[in-house]
Every structure is written in C-alpha cells, then in structure tokens.
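Only this structure's heavy atoms are used, side chains among them; waters, hydrogens and symmetry mates stay out. All of these numbers come straight from a predicted model, not from anything done at the bench. We count residues from 1, following the sequence as given.
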Amino acid sequence: MLSLNKFVACAALWGAVSNTVFSQDEGTQPTDQPLSPSPVADMVIWGGPVYTADDSNPKAEAIAIEGGIIVFVGSRQDAERYVGDDTTILSLDGAALFPGFVDGHAHLHGIGERELTLNLEGTPSISALKETVALWRANEQPAVLVGRGWIETHWPEGRFPTRWDIDAVVADIPVILARADGHAIVINSKAMELAGISGDTTAPYGGEIIKNALGEPTGMLVDAAMSLATQLIPADTQDDIDRALVTGANVYARYGWTGLHNMSVPLSRVDALERLADAGDVKIRVYNAIEPEDAPSLFESGMRQNADGRIVTRAIKLYMDGALGSRGAALLEPYADAASSGLLLTTREQTMPLLQQALGSGIQIAMHAIGDRGNRLLLDWFEEAMNDIPTIERAIAIPRWRDEHTQIVNPEDLPRYAALGVIASMQPSHAIGDLHFAPARLGDERLVGAYAWSSLIASGATVIGGSDAPVERGDPMIEFYAAVHRHDLEGFQGENWHAEEAVRREEALKMFTLWPAYASFAEDRLGSITVGKEADLTAFDRDIMTIMPTDIPKTRAIMTIVKGQIAYKAD
Ligand SMILES: [Zn+2]
C-alpha cells in the first residue's frame, strides 16, 4: 500500500521538475508559497488525500517535512519544489494521511503486559482454551503461566473451566487464568497445591472458592479469594516493566497512535519511560497523569519531560467514583436494577487541597467520574477550587482540567463543561459495549446525557477520544467507528441509544488529534497538519472520512510518524 523510495534526483531532473512547476504556474500569481529559492525537504508525502484537522486548510494533496517540522501543506504540484537529492518520498498509493492519532486515555504498561502474557480474549470454548494454553506452554518457560481474558458466557460447554481442564494440558507449573472482567480466576492443581488450597480452606471475606458436589475445589476462585493464588505470581522486575512499556509503545505505533495520555502512572514508571525514550526505545509520545500518592513530588518539580520532549508529565489522576458495570458509578438516583446509588471513592475534604495546589502550580487534574452524581460533584469541586483561587494567582488562567469518562451526565450539567473549561475525556468504545447493559442499569430517562459526545461538542466543550486500553482493545479504528456510528461491532444499537449523539467525522478526527493536543497543552505544536507544527502523522489504508461506517473497523494503519521519524511502517 505504501512505497518508500529515495528520490534519486539529478540536476537535470530537478530542473525539469522546477520547470514544470513554473510553466504550469504561468499566468497565476502564487500568493502564499514563495517560488524561489526552493527549500529542500527531508521528506515529502503525497499520493492520497491529506486531512489536516486544520479548519483554515482542511484538505490537501501533499506535505513536506524538514527537521521534523511540517514546512509545506498544499498541492502535489507545489510540493515538487521541496524535492531534492536527499528527499525521502513517501507515496501513499491511495491511503489517507491524518495528523497523528492520540489516545486520550489509556494505560501503556497494561497494554504491553497484555501482549506479553497469554491473551485469552475471544476464546470460544473450553477445548479452545486448553489448546491455547498448551500452545503457549510449548513456547514459553514461565515460573507461573498467567493468562487473562476468557469469558464462558457463550461457550458450548456451558460451564466454568476447572483445574482438571487445565491439568490435562499443563500440570508441571502453576497456571492462573483470569476471567475477562478480572473478578475470577481458574487455576490448575499445581497452583492449588503451591497456594495451599484444599477442600478445607475457608475463603477470605468477600471471596469464594468454588467447589463441586463432592466438596472439592474446582480451581475457580472469585474476587477476594483470587489473592490466595495470585500471590504466586513473581513481582515485576524493572526489566519486566521496561519490556511491558516498550512493547506497549510498539503495539500502539502499529495501531497508528503517535501518542497516548497515560493514566494512573506511578512516578517510578515515569522515570522508566523517560530513560527508555532517551535511549530511543519508546518512539511515540506519552503524556502522563500520575497516581495521587506521587502528587507532592510533581507539585515540587512542576511539569517534567525527557530530553526530546516526547515524554511529558503534567497531570494527576484522581478517582471520584466506580464503574457502571459493577454498579459502582455514583448516581443521583438509585440504579434502575438495584437498590443502590453507587459509591464515591473520595471526599471533598481530601480532594480540595490537591485542586488548589494544582491551580497554583499549573499541574493538570484528570479525575475519573462515571455516574451523574460523580460528574456533578466533579464540576462542583472544580468550580469551587477555581472560585477560591483567582485567575491571577493561578499558574495558568484556564487550567484545562479533565473529567475522565464523563459517561452519565445530568442534562442540566452538560453546559457546565464549556462554561468551566472542563475537558470531557471520553471513550467511544465504552458506549458501544455499555449499550448492552446501561439501559437496564439506568432506565431510559437517564440515557439523555449519557455518552453525550455530540451535545457536549455542540455546547462548546472540548471532547477528547480515548480507548481506556487494555480495558478495551485500543484500536483507533474501533474508537473512530464507535464515535461516528454509535453501533456495536456487530451493527447493533438498540432502542433509545441516542443515535443523535454520534459525531460528524470531522469532529471525530479532532477528538483524536487536535483536541488531545489541547488537553496536553500542545496544540501550538501538535494536533493538526499545519505549517510550523511538528510532523506527527498517521496514514490509514482507507479514507475513513468517506468510506462506509462498517468499513472503518477493517481499516489498518500503514504508517506512524512522530516528529518526522517513522515509528511504524507496514511491510
Ligand atoms: Zn482507565
């Protein structure tokens, strides 16, 4: 799909190219591009549509890059003038070029870990599970075989896996396989033996050791009982952590992401990321929101970054409430399917000092909020802190604080995002997964204001798109599809799922490019294909601005460029 060739130009050819330009320009007076002297670019890209996310010049045919900076955006013909002896020419061959896609909410270490451990997502049956585990064991020599992602809901066997299933394929080392939701594991007999679990073992409070009719543990451990076995998993070494971070970054470059906003990061991992990026091992950009425990250190240091500015740390991640699936999201009224209103994970008294310090130091707050009560309190507290600290005493006037998820919002609160300048950081894939259970949890009335991307954008709020990987896959095309189509991957939407909250493609493009740049204080140098900005680019094999929505998830990244350097290129 993509041809890369050094342009073997000679003086004669260069002259011919220049002549073409001049002869075809005859009679018209070019206004914005100086004709001479012709600057020579490191790289020229053309051969497919270029979508810029820049309203002043939304579509182009070609771009030129010099020293990692975009120096030209315009017609193919004008781009010829930037071609010199050493210019690399990338022909898109019909693929489409975009500003670098950025995942506004993800967890890099978890993304890498998912690659490095056995991934059981999509396993269709117990017999398939056994085959996969046997195959993995044949190629790996782990002390403990750890896998995750199985779910038995649609299995033909119609039951949980057992230790005897696993023993049949791996009996010599402990095996621990987590269910997709992370609330249960199945282990083999070796793991049971090492963990000291027998028919007499009592499950810890909040957990269950599942037993068969004979009273024998089946190997299934639920919730708090999981720790009996997970303590067998050796703690990560620094090498393990490094490997997960580098793997995660490579996976993300392959998906087409030029960067991500990395949530809930311990400061020790920031150190690792800076070191790895300085060594050239992390090629995409990472914007870190750190754990609250490490907040004092970040307040002290202020915003920090590595040598080339690829790894930036300027935010603190906080939690307001739980999640919708487990009914932990804090609601204003009880759940429609349970006598509970969810739970808050913090208090105003705990949070307010952090907010005030953040305003004084220019550190960004990124706070998780899912339920309509959680989101309202977030807005209340943010507003209160901003009222307490006048603009002139702030490090920056508009602090660009973020509401991570913004899932269920009371319609009365929707206009407050724009009014307070609070960024809504939302994950389109959550909406197309949650559409299967959110109506039951919430009832139809509360679906007004739920996953309300379009309403928020229309109100003037900044909405950024993310995946929350590894909770979701982390594929930008699944996110883009969900944002513009609001149907699940099988094409299901359901009644009352507010189709009108799907966004226009131009808006979806900005949700993954220009707006995340704003949300990381980088819109003056990233986020659009604009002369003078850094060359962060993604090429996809199809034109996602025009193809059928159902073709969007089939689209693949063919090239990822960060600051003019190729971070990924398909064969
Ligand atoms: Zn998350």
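With Asp468 as the partner, the side-chain hydrogen bond (donor to acceptor under 3.5 Å, both in side chains) test is satisfied by one option alone out of His430, Gln427, Arg473: His430. The one candidate from Asn375, Val463, Thr462, Ile423 that meets the side-chain contact (heavy atoms from CB on, under 4.5 Å) condition with Tyr417 is Asn375.
Side chain of Asn306 to main chain of Gly309: a donor-acceptor pair is present (N/O by atom type, distance under 3.5 Å, no hydrogens or angles). Here the side chain of His107 pairs a donor or acceptor atom with the backbone of Met263 at under 3.5 angstrom. Side-chain atoms of Arg314 do not come within 3.5 Å of backbone N or O of Gln305 as any donor-acceptor pair. Judged purely by atom type and a 3.5 angstrom limit, Asp242 has no side-chain atom pairing as donor or acceptor with the backbone of Leu276. A donor-acceptor pair is defined here as one N or O able to donate and one able to accept, closer than 3.5 Å; such a pair exists between the side chain of Thr538 and the backbone of Gly256.
Taking the side chain as every heavy atom from C-beta outward, Phe98 and Leu537 never approach each other to under 4.5 Å. Two residues are said to be in side-chain contact when any heavy atoms from C-beta on lie closer than 4.5 Å; Leu120 and Arg148 fail this criterion.
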Go through the steps for Glu152 and Arg179 under the test salt bridge (Lys or Arg N to Asp or Glu O under 4.0 Å), then give the verdict.
-> CA-CA 8 Å; Glu152 79 294 345; Arg179 192 169 185 263; 2.9 Å; yes

Please walk me through it: do Asp536 and Arg285 pass salt bridge (Lys or Arg N to Asp or Glu O under 4.0 Å)?
-> CA-CA 10 Å; Asp536 282 20; Arg285 295 180 196 273; 2.5 Å; yes

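Using modelled atom types, one finds no donor on one side chain facing an acceptor on the other under 3.5 Å when comparing His368 with Glu404. When only modelled atom types and interatomic distance are considered, Ser264 and Glu291 share no side-chain donor-acceptor pair under 3.5 Å. No donor-acceptor contact under 3.5 angstrom links the side chains of Ser268 and Asp271, judged on distance only.
Relative to the six-membered ring of Phe512, Lys510 misses at least one condition, a distance below 6.0 Å or an angle of at most 45° to the axis. Figure legend: cation-pi geometry between Arg486 and Trp453, with NZ or CZ positioned under 6.0 Å from the six-membered ring centre and within 45° of its axis.
Using a 4.0 Å cut-off between charged nitrogen and carboxylate oxygen, Arg416 and Glu383 count as a salt-bridge pair. Between Asp278 and Arg310 no salt bridge is recorded (no basic side-chain N to carboxylate O distance below 4.0 Å). Electrostatic pairing of Glu333 and Arg446 does not count as a salt bridge here, judged by no charged N lying under 4.0 Å from a carboxylate O. Between Glu507 and Arg504 there is a salt bridge, since at least one side-chain N of the basic residue sits less than 4.0 Å from a carboxylate O of the acidic one. Between Arg373 and Asp380, no side-chain nitrogen of the basic residue sits less than 4.0 Å from a carboxylate oxygen of the acidic one, so the salt-bridge criterion is not met. Ion pair Asp294/Arg269 not flagged as a salt bridge, since none of the NZ, NE, NH1 or NH2 atoms sits closer than 4.0 Å to an Asp/Glu carboxylate oxygen.
By the side chain to side chain contact (heavy atoms under 4.5 Å, CB included) test, Ala323 pairs with Ser326, sequence neighbours left out.
Residue Glu300 qualifies as open at atom CD: its count of foreign heavy atoms under 6.0 Å is 12 or below.
Taking CD1 of Ile552 as the reference point, atom CG of Leu489 lies at 11.0 Å (rounded to 0.5 Å).
The stretch residues 433-445 participates, sequence neighbours left out, in these salt bridge (Lys or Arg N to Asp or Glu O under 4.0 Å) pairs: Asp337-Arg441. A salt bridge (Lys or Arg N to Asp or Glu O under 4.0 Å) check over residues 385-401, counting only residues at least two apart or in different chains, returns the pairs Arg400-Glu523.
Between His498 and Tyr451, the ring center distance fails the sub-6.0 Å criterion.
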